[in-house]
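Taking it in order: structure first as structure tokens, then the write-up.
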Amino acid sequence: MKDHIAQIVGDALHALKAELPDLEVPISVAVERTRDPKHGDFASNVAMALAKKAGLPPRALAEKIVGALPDNDAIDSVQIAGPGFINFTLARGQAQALVFQILDAGERYGQSNTGQGEKVLVEFVSANPTGPLHVGHGRHAAYGECVSALLKATGHDVTKEYYVNDAGRQMDILAASVWLRYLEHAGETVPFPANGYRGDYIKTIAAGLHNSEGDALRHAADAVVSGLPADEADGGDKDAYIDAVIARARDLLGDDAYERVHRTGLDAILDDIRDDLAGFGVTMDAYFSERSLTGDGTVDKALERLADHDNTFEQDGAVWFKATRYGDDKDRVVVRANGQRTYIASDIAYHLDKRLRGFDRLLDILGSDHHGYVARVRAGLEAMGQPGDSLEVQLMQFVSLFRNGEKVAMTTRGGQFVTLRELRDEVGNDAARFFYVLRSNDQHLDFDLDLAKSKREENPVYYVQYAHARICQMLEKLPEQQLTHDESRARENIARLEQDKELALIKTLARYPEQVAIAARDRAPQTIVHYLRELSADLHSFYNDRNCRVIIDDHALRDARVALVRATRQVLRNGLGLLGVSAPARM
RNA sequence: GCCCCGGUAGCUCAGUUGGAUAGAGCAUCAGAUUCCUAAUCUGAGGGUCAGAGGUUCGAAUCCUCUUCGGGGCACCA
């Protein structure tokens with residue numbers, strides 16, 4: 001309907017062109033839903049926007065536009081108001097027809113094809129596989145999953161991917177940590193490095209390793225620690241110490257055994273992450289290994305491409321990428337003096353690989369602490385002949401947990417939970433998914449645990465779910481009371497929905513497809529959350545109105561109202577589905 | 001020093017990409033249940049949209065400056 005009005009206003013403008021040569025007809029005419037029912041159903045501000053160029057006062061231009069509007073059965077009246085708004089009021093019965101559009105479309109109501117099949121790679125979470133996911137990653141997971149669902153709903157071809165940082169020093173520290181815990185488990189007494197991973201999950205992995213390998217990886221404690229530099233506790237440098245431990249592990253174990261330890265740690269943690277995400281309703285299409293980029297020559301290929309375009313140079317024994325040519329603030333090392341590639345080399349290669357796999361848009365969801373990384377990767381893409389704007393980055397601000405009104409310490413010490421799994425256990429998946437997308441991604445999130453757990457009225461998750469359950473319960477009442485629902489009779493009588501609460505509900509239902517489109521465009525799931533709260537409020541308000549009771553003797557009106565609440569239920573389901581929150585039939 | 005994000009009601013935050021009288025939840029106060037689930041509803045109070053300029057018919061929204069808060073500026077990832 002909105003598009004239809006924009007169309008006829010556009011037609012009117014074209015018709016006026018003969019009379020007003022200075023009039024500029026815009027490509028798309030702005031038509032908005034009115035907030036105040038006194039302003040009709042839809043309003044356009046074109047007269048104000050075009051008045052100056054047309055050489056007429058806004059209201060006078062509005063008069064001319066209204067005069068040039070073609071006759072239209074769907075529109076009851078057109079009025080000029082305020083500084084020059086043109087307000088449209090729909091004909092009686094027009095709005096109500098929407099109820100059956102929704103019921104006919106079912107779960108497709110709200111979907112569109114604005115994306116036109118654009119191939120989008122959404123990369124999110126991508127947490128280093130050195131331990132379980134924490135509550136910060138949970139926000140990334142919920143947001144990424146929801147944005148992906150929104151993009152799919154608007155006709156994008158979406159692939160969800162987790163980039164596994166399985167190369168590099170972090171993973172060596174993990175391997176060393178596992179091995180040391182393994183040695184302890186085998187009965188050796190070795191000090192644990194200040195910079196090692198201290199979590200209990202390492203001990204679990206080590207115990208499993210001991211189980212499968214027996215004492216094959218065991219070396220005497222003396223051989224392990226002799227000649228190592230001092231750790232932090234002894235006044236030394238913790239980084240130098242852990243590096244020495246890693247070197248010692250490689251030396252004593254040999255490449256094959258070291259690799260087994262490395263793999264065991266990585267696989268165990270990645271399995272845990274995958275399981276955690278699946279339990280949270282977040283499913284990746286692929287887990288992409290950083291190591292594979294080196295193994296299959298993708299990194300070399302990327303480095304060659306940079307060199308081909310004269311975008312690299314050597315200095316101090318290292319190879320540098322001239323990132324400043326492409327808008328970065330500094331040039332970046334891609335190959336260190338010791339011959340190792342830096343992470344930025346892998347990242348550039350990874351993004352090149354995404355492009356070579358045919359993705360139009362590379363959507364990265366990253367922590368706000370990664371913002372400096374954006375210019376680097378974009379520079380890399382451009383230097384390799386790829387469009388820089390194919391990379392889009394959404395930065396996520398941090399999460400703070402609150403319990404009893406106080407901020408929960410987020411350090412790994414202290415026994416306060418920090419993992420996503422613990423959060424899910426405590427508040428449930430529905431509340432977690434809902435709360436995580438409640439706020440804009442560039443807004444810091446205060447996660448109130450007590451509120452999320454509360455089964456009372458102040459909890460917004462229940463407010464929406466309750467609206468859905470209420471409808472289900474009403475519909476179950478029909479057969480219980482030997483009442484039938486006749487859909488064709490409902491179609492004939494739908495125009496009998498004329499109560500204020502009914503019309504308000506229909507108006508909100510009509511907005512859903514636009515809300516989905518906006519949410520997808522802006523990568524803003526909170527738009528859907530806010531919409532669902534409004535829709536639920538309209539439903540509850542309708543429900544509490546004595547003039548709007550559904551279970552009544554008047555067949556015709558009852559059928560119309562049943563159709564209305566069924567349409568509402570459908571939209572609640574569709575919206576909750578986008579958020580990954582369940583729609584219970586009873587509560 | 002440079003870069004990114006934010007500052008809207010007592011609190012937590014929306015604000016449809018510049019529109020009509022700036023909204024919601026919580027909290028506070030006053031009400032509603034012989035009647036489809038009160039996890040609900042109805043109503044009231046509550047604002048210098050951080051501050052100052054600018055752009056224009058019109059600014060919370062766009063531009064500039066100031067200020068406060070978070071984050072980032074490695075041959076770590």
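Below, read A as the first sequence line, B as the second, and so on, with proteins coming before strands; counting in each chain starts at 1.
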What nucleic acid atoms does S440(A) come within less than 4.0 Å of, heavy atoms only: base, sugar-phosphate, or nothing? sugar-phosphate
Relative to each other, are the rings of H351(A) and Y373(A) parallel, tilted or perpendicular (30° and 60° limits)? perpendicular
Return a single string for nucleotides 72-77 of chain B, one symbol per nucleotide in 5' to 3' order, where B is base contact, S is sugar-phosphate-only contact and - is none, cutoff 4.0 angstrom on heavy atoms. SSSBSB
Figure out the CG/C1' separation between L445(A) and G6(B), and round it to whole Å. 14 Å
Taking side chain as C-beta onward, heavy atoms only, is L505(A) less than 4.5 Å from Y543(A)? no
Closer than 4.0 angstrom, basic N to acidic O: yes or no for D243(A) and R169(A)? yes
Base, sugar-phosphate alone, or nothing: which one does H39(A) contact when heavy atoms must sit under 4.0 Å apart? base
In whole angstroms, how far is the P atom of G19(B) from the CD atom of E32(A)? 6 Å
Euclidean distance for C1', A60(B) against A52(B) (whole angstrom): 16 Å
What integer number of Å spans the C1' atoms of U56(B) and U61(B)? 14 Å
Looking across every strand, which nucleic acid part, if any, lies under 4.0 Å from E514(A) by heavy atom: base, sugar-phosphate, or nothing? nothing
Going by purine N1 to pyrimidine N3 plus the second Watson-Crick contact, or the G-U wobble pair, all under 3.5 Å, which nucleotide sits opposite U34(B)? none
In whole Å, measure the gap between the P atoms of U37(B) and U17(B) for me. 40 Å
When the P atoms of C26(B) and A44(B) are compared, how many Å lie between them, rounded to an integer? 16 Å
Whole Å only: how far is the CG atom of N45(A) from the P atom of U56(B)? 18 Å
Separation of atom CG in D522(A) from atom P in A14(B), rounded to whole Å: 13 Å
Is it the case that over 12 heavy atoms from other parts of the model lie below 6.0 angstrom from the CG atom of D553(A)? no
For a quick check under 3.5 Å, do Q79(A) and N87(A) share a side-chain donor-acceptor pair by atom type? no
Whole-Å C1' distance, A27(B) and U12(B): 11 Å
Nucleotide paired to A14(B) in any strand shown, Watson-Crick or G-U, under 3.5 Å: none
Intermediate values then yes/no, salt bridge (charged side-chain N to carboxylate O under 4.0 Å, His left out), K354(A) and E123(A): CA-CA 10 Å; K354(A) 289 178 180 178; E123(A) 184 209 325; 2.8 Å; yes
Of the options C5(B), U37(B), C41(B), whose atoms approach the side-chain atoms of H540(A) most closely? C41(B)
Below 4.0 angstrom from OP1 or OP2 of C41(B), is there any side-chain N or O of Y463(A)? yes
R139(A) side chain vs Q397(A) backbone, donor-acceptor pair below 3.5 Å: yes
Take atom CZ of R521(A) and atom P of G15(B), then tell me their distance rounded to the nearest Å. 11 Å
F435(A) CZ to C26(B) C1': how many Å, rounded? 11 Å
When F85(A) and L438(A) are each assigned the nearest nucleotide of RNA chain B, the 5'-most assignment goes to L438(A)
For atom C1', what is the distance between G7(B) and C13(B), given to the nearest Å? 12 Å
Interatomic spacing from CD in Q473(A) to CE in M587(A) - rounded to 0.5 Å: 11.0 Å
Counting the atoms with a prime plus P, OP1 and OP2 as sugar-phosphate, which does A517(A) contact under 4.0 Å by heavy atoms, base, sugar-phosphate, or nothing? nothing
Would you mind reading off the distance between F434(A) atom CZ and A39(B) atom P, rounded to a whole angstrom? 18 Å
Could you list all N or O pairs between the protein and nucleotides 7-12 of chain B that sit under 3.5 Å apart?
unit_1	atom_1	unit_2	atom_2	d
U12(B)	O2'	R439(A)	NH2	3.0

For nucleotides 33-36 of chain B, list the nitrogen or oxygen atoms of the protein found under 3.5 Å from its nitrogen or oxygen atoms, one pair per line.
unit_1	atom_1	unit_2	atom_2	d
C35(B)	O2'	R549(A)	NH2	2.6
C35(B)	N4	R546(A)	NH2	2.9
C36(B)	O3'	K477(A)	NZ	3.3
C36(B)	O2	V550(A)	N	3.4
C36(B)	O2	I551(A)	N	3.1
C36(B)	N3	V550(A)	N	3.3
C36(B)	N4	Y543(A)	O	2.4

Roughly, in whole Å, what's the span from CD1 in I86(A) to C1' in G19(B)? 14 Å
Applying the 3.5 Å cut-off to both distances, the Watson-Crick or G-U partner of U21(B) turns out to be none
Nearest-0.5 Å distance, NZ of residue K453(A) to CG of residue D448(A): 10.0 Å
Atom P, compared across U66(B) and C2(B): separation rounded to whole Å: 9 Å
For the pair Y350(A) and Y163(A), name the ring-plane relationship: parallel under 30°, tilted 30 to 60°, perpendicular over 60°. parallel
Return the minimal non-hydrogen interatomic distance between K322(A) and T312(A), and the atom names on each side. CE-O, 4.1 Å
Using the P atoms only, state how far G45(B) lies from A22(B), rounded to an integer number of Å. 14 Å
Any donor-acceptor pair under 3.5 Å linking the side chain of T154(A) with the backbone of L150(A)? yes
Measure the spacing between CZ of F398(A) and OG of S400(A) and express it to the nearest 0.5 Å. 9.5 Å
In Watson-Crick or G-U wobble terms, both distances under 3.5 Å, what is the partner of G43(B)? C29(B)
Are Y512(A) and Y531(A) an aromatic pair, judged by ring center distance below 6.0 Å? yes
By the Watson-Crick or G-U definition, both distances under 3.5 Å, A52(B) is matched with U64(B)
Any Q397(A) side-chain N or O less than 4.0 Å from OP1/OP2 of C4(B): no
At under 4.0 Å between heavy atoms, what does N87(A) touch on the DNA or RNA strands: base, sugar-phosphate, or nothing? base
